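As structure tokens, the structure follows; a few thoughts come after it.
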Amino acid sequence: MVNFKLNKKLTNKLLIFLVVFFAAFLRLYRLGSLPPSLYWDEVSLGYNAFSILKTGHGEHGEKKFPLDRFIAFGDYKPPGYIYATVPSIAIFGLNEFSVRLPSALAGIGTIILTYFLAQEFFKSLSPQNSQVPKILGLISVFLLTISPWHIHMSRAAFEANLALFFNTLALLTFFKGIKKSGWWLILSSFSFMLAFYTFNANRIISLLLAVGLGIFYFKKIIKKPKFTLLAIFLALVMALPSFRFLTSTEGSLRFKEVSIFNNLEPLKRSNQQIFWLGNSWWARIVFNRRVAYSWHFLKHMFDHFNFDYLFFYGDRNPRFSTGQVGTFYLFSLPLLVYGGYLFFKSKNPHQGLIVFWLFASLLPSSLAKETPHALRTLSLIPLPFLISGLGAFEISKKILKTKKTILKYSILSVSVLTLFFSVTRFLHIYWAHWPQESASEWQYGYKQLVSKVSGLEKKYDRVVITKAWGRPYVNMLFHLKYPPQKYWQTRDAFRDVFGLWHVEGFDKYLFGLEKIQTLEAGHILVAAQPNEIPEKCSQVDSVKSMNGESIMNLCEISK
Amino acid sequence: MNFFKKHKLIILILALAGFLRVFRITQVPPSLNWDEASLGYNAYSILKTGKDEFGNFLPINLRSFEDYKPALYAYISIPSIALLDLNAFSVRLPSALFGTLTVLLIYLITKEILKPLSSQKSLNSQNPKTLSLISAFLLTISPWHLQFSRAAFEANLGLFWFCLASWLLLVFLENKNYKPLVLSGLSYLLAMYGYHSLRLIVPIFLILVFLVFKKKFIKNWKPLLVSLLISGFLSIPLIWGFFNNGGQARFSSVGFISQQNLLNKSIQYIQADLKRSSLLIWIHNRRFVYLKTFLNNYLSHFNPNFLFINGDLSPRHHISSHGMLYLFQLPLVLWGAFCLAKIPKKSYFLWLWLIASPLASALTIATPHAIRANLMVIPLTILSAIGLWRSYIHLRSKKILLAASGLLLAFFITRYLLQYHLIYPKNTAHDWQYGFSKVVDYLKNHNQENLPVVVSFSDHTFDQPHIFFMFYLKVDPQEYQEKWAHQPFNRFYRSFDNYQFREVIWEKDQNLKDVYIVTNTWGMPSNPRGLVNEISFPNGEVAFKIIRL
């Protein structure tokens, strides 16, 4: 299909190199300042990794090298991302770039893995021509490279994105394993467990996918019983350290907090209906609350197939998308429909797995309240790109075959223009408008605040910082690169009934403006939002937003 | 006798369809809503005087609440009102009747579309007659179609004419005669007279059909020309009506382009880009915003939650927590679409139908919209029929699985019908403006001395109360047109005879004397002075307080 006179292999390598290079540019360029700043989860991951690097303990000075979880804010973060960040902090120091680097690299890695995954999935498409799966892989990977969803997810320290990499690696190595050496199966099992330890949703997804692979490819793995058993054994051993945590109340706390089954509406409705029908036995069957809750669950699952979310506005949470561009570009809709049609029409041996993979990745998200959710469903990412890659491949084949030259070139130019317009529009909004719009969601200003405070603090006895932006302590620790041991000695922290940690102060810093009253005498530096500046506080300096407005004032009080 | 024997299954299905559409039609939905009351009263007015409530002679559109309803439904309900008098049953009966006939039409359409396909290898086990029967059955029990066949919705009438026209067109494509084509043209025209959305959808749909089947049309250009001439001539009043009384008014009130906030974001972006003189400012052009909004609205009609889980926003369009279709139709539609996609050409008719159906709705606000896009129900039902038949073929040999699936289907259908008849009237009475007939009854019996009656017009749900009084009192149209039709139109203050319709402000109005006040509970003390009766919703909440001062 291509007229290159060059060696085909070389061309392929060159093209894949170019795509990966482009992907790396889109994911690494201005990594530290786009998204505009680190939000609290990123900061917390970074400081915990810093603390591991310096002391071997987490931020709370708990047991050495924890494997099951990090306490962090009391939200019990999985350890994967934190350990992955340790080397990058060791090399680049504690800053935005080093915290986000693992995610960006995982994003680039996922792209390379997807290329090889495409070879596996589409090998059956044309067994005689090995070029076809390669071209298909290239198209899929190119679509993934420019994907608004994947670009954004690779640019912030999202655990889900690292878990996605491990998950994809696990799938790819599984396919290698059933065809080639059984050692790949061991690697697959290992990768599934890494995903398991990296993001909460993947604790469910890894398990489901591993079981699913076992069922769908039972005939293949049964031929390698030793490796299969070894892989299962390895997974079980690796799961051991987290067993106690997962069965404890802390482990289920997070799930209970977000679960859709906390919503009492379906129950109320079901009871009302049964009551209106005189509590009869048949009403109890027909309007059973289990039916109502299944309905509720399906609603949340189908939210992910909402066109508004998929193609027009994306996730409405400004941390997960720009809110102006869909999770996918609109032009991928016909590619997905046509590709899906072709995929199910062909006798592809992986049909069952593809469907299973999709629903397994949607399941954890569908059990939670906020749907559709771009982060929790991230593990399905290679899938739509494989499918739309197939669609794009077949459509372009048809176009290039047409003998009507005018038609051919007009369709081609319209397609290229659409592609160009879509990508430009996304990048323009993402680079030029979205940072200002979403700055407060990313707690923009903490870094500037900390650098101003550290310049001024020598003159003051105490520094009081408002809690209005949320979790100021971890930002102070992070941006001051405060030594963890010193923090443990001086911190004033407690755990509330929900298990969340609150830090009221450390060193000379106090958090919450109400602390000003408790201080007796001395010279106090106060950081407060413009609408909450305490009385008799004379302005010293201020932190400006990207638009130049004052968002945080520094002032001093003498008592 | 032979005829009955030969067609006994479809006759049975039609009997079931008729039964499901007429059974308890006055109780479920729980009462006439304002649009139904308005259609009924205008039909009554045209029957008695030849003019609508405002005195317009044989109107194309009814001015009604300044929303210019297509008048066809009113004309069609004249016979039933003449025979059965003005009441909920006579107003709803035409919808039920035409809904039942639509079931017959989907049978004929499916047969016509699938006829040439039965020879195809991929469908060798798909007998077009069986598939047509399944389609007819699925439409008979379809929540989307039942809902709108059991109340006076113009859209349901429009759907009937559209189906009739499309069937005739398919017959023409098969046998190329004059008659079906001319009749088809006339039916499409009636569809356009029948419902707003169809005035946009029909022309676009026909152009698409022409493009796809152009060889057949061009070969038979004579009947095409005749048909076009006749329909063109008869559409003059429609076009005239669009430009002269309110066709556009309707569009600008529901069209998304007149929405205030639509462009806010792009304006904000343009201002930011102007400041830094960005070269990419054209990206925020409002035309792209319009296009994006249109496409988003359009595609929202294919959201699985709309179709299978929750339906649209209005409780008048479906029972609570239920999609426009049954949940079990989701896999069936997908599978049916997959099977049909393998078959070219004649199946295009069905795809074009599906594609054209949400076009008008996509231009409006509050999408997805089950009424404005109700044409979708036909192709989706046919697709699920194909899916159902294919699943049956696959499961035929697995008896246990077959029985389980059958039970599951039966469960969904039973659940729907029970909820529709027993729960729906209880929890949506408010949305159907329940209670006015009881208020009127009470006043008829108690207000012997014809004291003035003030009826509250307060929040949006008690909009347009006057029409219910005109309807249930059967106010003489002749007299009404002479005395009251020419007062300036004011939604917030209307009156006729001894009735006033306006906002009730209890602090002031409690000082009135010798007057009846009818209000809802909003802003009222629970036991106001002079309370003589309360009308309750079926769920026990108070709908109206009747006060005599």
Side-chain angles (χ1 to χ4, degrees), chain A residues 265-266 269-270 272-278 280 282-283 285-288 291-292 294-313 323-326 330 333 337-338 340-342 344-345 371-372 421-422 424-429 431-434 436-437 547, chain B residues 265-266 268-270 272-273 275-276 278-284 288-289 291-293 295-310 319-323 327 330 334-335 337-339 341-342 367-368 411-412 414-419 422-427 538-540:
Chain A
E265 270 317 304
R269 198 169 347 109
S270 159
Q272 172 81 82
Q273 286 167 338
I274 294 171
F275 171 75
W276 273 340
L277 299 179
S280 56
W282 51 268
I285 297 172
V286 175
F287 297 107
N288 196 293
V291 179
S294 314
W295 212 262
H296 195 52
F297 165 73
L298 285 175
K299 187 235 159 224
H300 282 273
M301 178 162 276
F302 291 156
D303 272 341
H304 298 98
F305 296 97
N306 209 324
F307 288 91
D308 183 280
Y309 164 72
L310 290 177
F311 301 108
F312 296 95
Y313 295 97
Q324 293 300 309
V325 181
L330 184 56
L333 174 60
V337 172
Y338 190 56
Y341 170 69
L342 290 172
F344 285 104
K345 205 174 109 182
T371 50
F421 172 75
S422 307
T424 312
R425 177 168 176 273
F426 165 66
L427 290 178
H428 170 65
I429 289 175
W431 286 348
H433 296 290
W434 178 76
Q436 281 94 333
E437 270 186 317
N547 307 328
Chain B
K265 198 90 193 176
S266 65
Q268 184 193 324
Y269 284 166
I270 286 174
D273 279 344
K275 255 188 225 162
R276 56 175 169 241
S278 163
L279 290 174
L280 293 171
I281 209 160
W282 53 274
I283 278 179
H284 312 296
F288 290 127
V289 180
L291 182 67
K292 182 177 169 183
T293 313
L295 290 171
N296 191 11
N297 288 350
Y298 176 85
L299 287 171
S300 70
H301 293 89
F302 297 95
N303 279 343
N305 273 332
F306 164 66
L307 292 175
F308 305 105
I309 298 286
N310 277 339
I319 62 174
S320 72
S321 290
H322 199 285
L327 180 58
L330 169 58
L334 288 177
W335 203 358
F338 182 71
C339 293
K342 291 190 205 163
T367 54
F411 176 79
F412 276 112
T414 316
R415 185 172 192 269
Y416 172 77
L417 290 174
L418 285 173
Q419 192 181 338
L422 302 176
I423 308 287
Y424 183 66
K426 285 204 168 70
N427 61 12
N539 67 1

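Quick caveat: nothing in here was measured; it's all calculated off a predicted structure. All heavy atoms count here, side chains included; hydrogens, waters and symmetry mates do not. Labels below follow one simple rule: chain letters A, B, ... track the order of the sequence lines, proteins then strands, and each chain is numbered from 1.
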Q) Relative to chain B, which segment of A/Gln272 carries a heavy atom at a distance below 4.5 Å: side chain, backbone, both, or neither? A) neither

(Q) Quick one: does any side-chain atom of A/Trp276 pair with a main-chain N or O of B/Lys426 as donor and acceptor, under 3.5 Å? (A) no

Q) Quick one: is the NZ or CZ of B/Arg276 closer than 6.0 Å to the six-membered ring centre of A/Trp431, and within 45° of its axis? A) no

Q) Using a cut-off of under 4.5 Å for heavy-atom pairs, which of B/Asp273, B/Leu418, B/Asn310, B/Thr414 has the most such pairs with chain A? A) B/Asp273

Q. Nearest heavy-atom pair of B/His284 and A/Ile429: which atoms, and what distance?
A. CE1-CG1, 4.1 Å

Q | For A/Phe302 against B/Leu327, the heavy-atom pair lying closest together | A | CE1-CD1, 4.1 Å

Q: Identify which part of B/Leu330 has an atom lying under 4.5 Å from any heavy atom of chain A, answering side chain, backbone, both or neither.
A: side chain

Q.
Tell me which of these, B/Asn303, B/Leu422, B/Asn296, B/Ile309, has more heavy-atom pairs under 4.5 Å with chain A than the rest.
A. B/Asn296

(Q) For chain A, which candidate among B/Tyr269, B/Phe288, B/Phe411, B/Phe306 shows the most heavy-atom pairs at distances under 4.5 Å? (A) B/Tyr269

Q: May I ask you to test the B/Gln268-A/His433 pair for a side-chain heavy-atom distance under 4.5 Å?
A: no

Q.
For the residue pair B/Lys292 and A/Tyr313, would you count it as a cation-pi contact if the rule is NZ or CZ under 6.0 angstrom from the ring centre and within 45 degrees of the ring axis?
A. yes

Q | Atom group of A/Phe344 that falls short of 4.5 Å from chain B, counting heavy atoms | A | both

Q.
For chain A, which candidate among B/Asn297, B/Thr293, B/Asn427 shows the most heavy-atom pairs at distances under 4.5 Å?
A. B/Asn427

Q) In terms of heavy-atom proximity below 4.5 Å to chain B, should A/Leu310 be classed as side chain, backbone, both, or neither? A) neither

Q: Measure A/Phe311 against the heavy atoms of chain B and call it side chain, backbone, both or neither at under 4.5 Å.
A: neither

Q. Would you say the side-chain atoms of A/Asp308 pair up with the backbone N or O of B/Ser300, donor to acceptor, closer than 3.5 Å?
A. no

Q: Assess the side chains of A/Arg269 and B/Ser321: does a donor N or O sit below 3.5 Å from an acceptor N or O?
A: yes

Q: Looking only at non-hydrogen atoms, find the nearest pair between A/Leu298 and B/Asn305 and report the distance.
A: O-OD1, 4.4 Å

Q: Answer with side chain, backbone, both or neither: which region of A/Asp303 has an atom nearer than 4.5 Å to a non-hydrogen atom of chain B?
A: both

Q) Of all heavy-atom pairs between A/Trp295 and B/Phe308, which one has the smallest distance, and what is that distance? A) CZ2-O, 3.8 Å

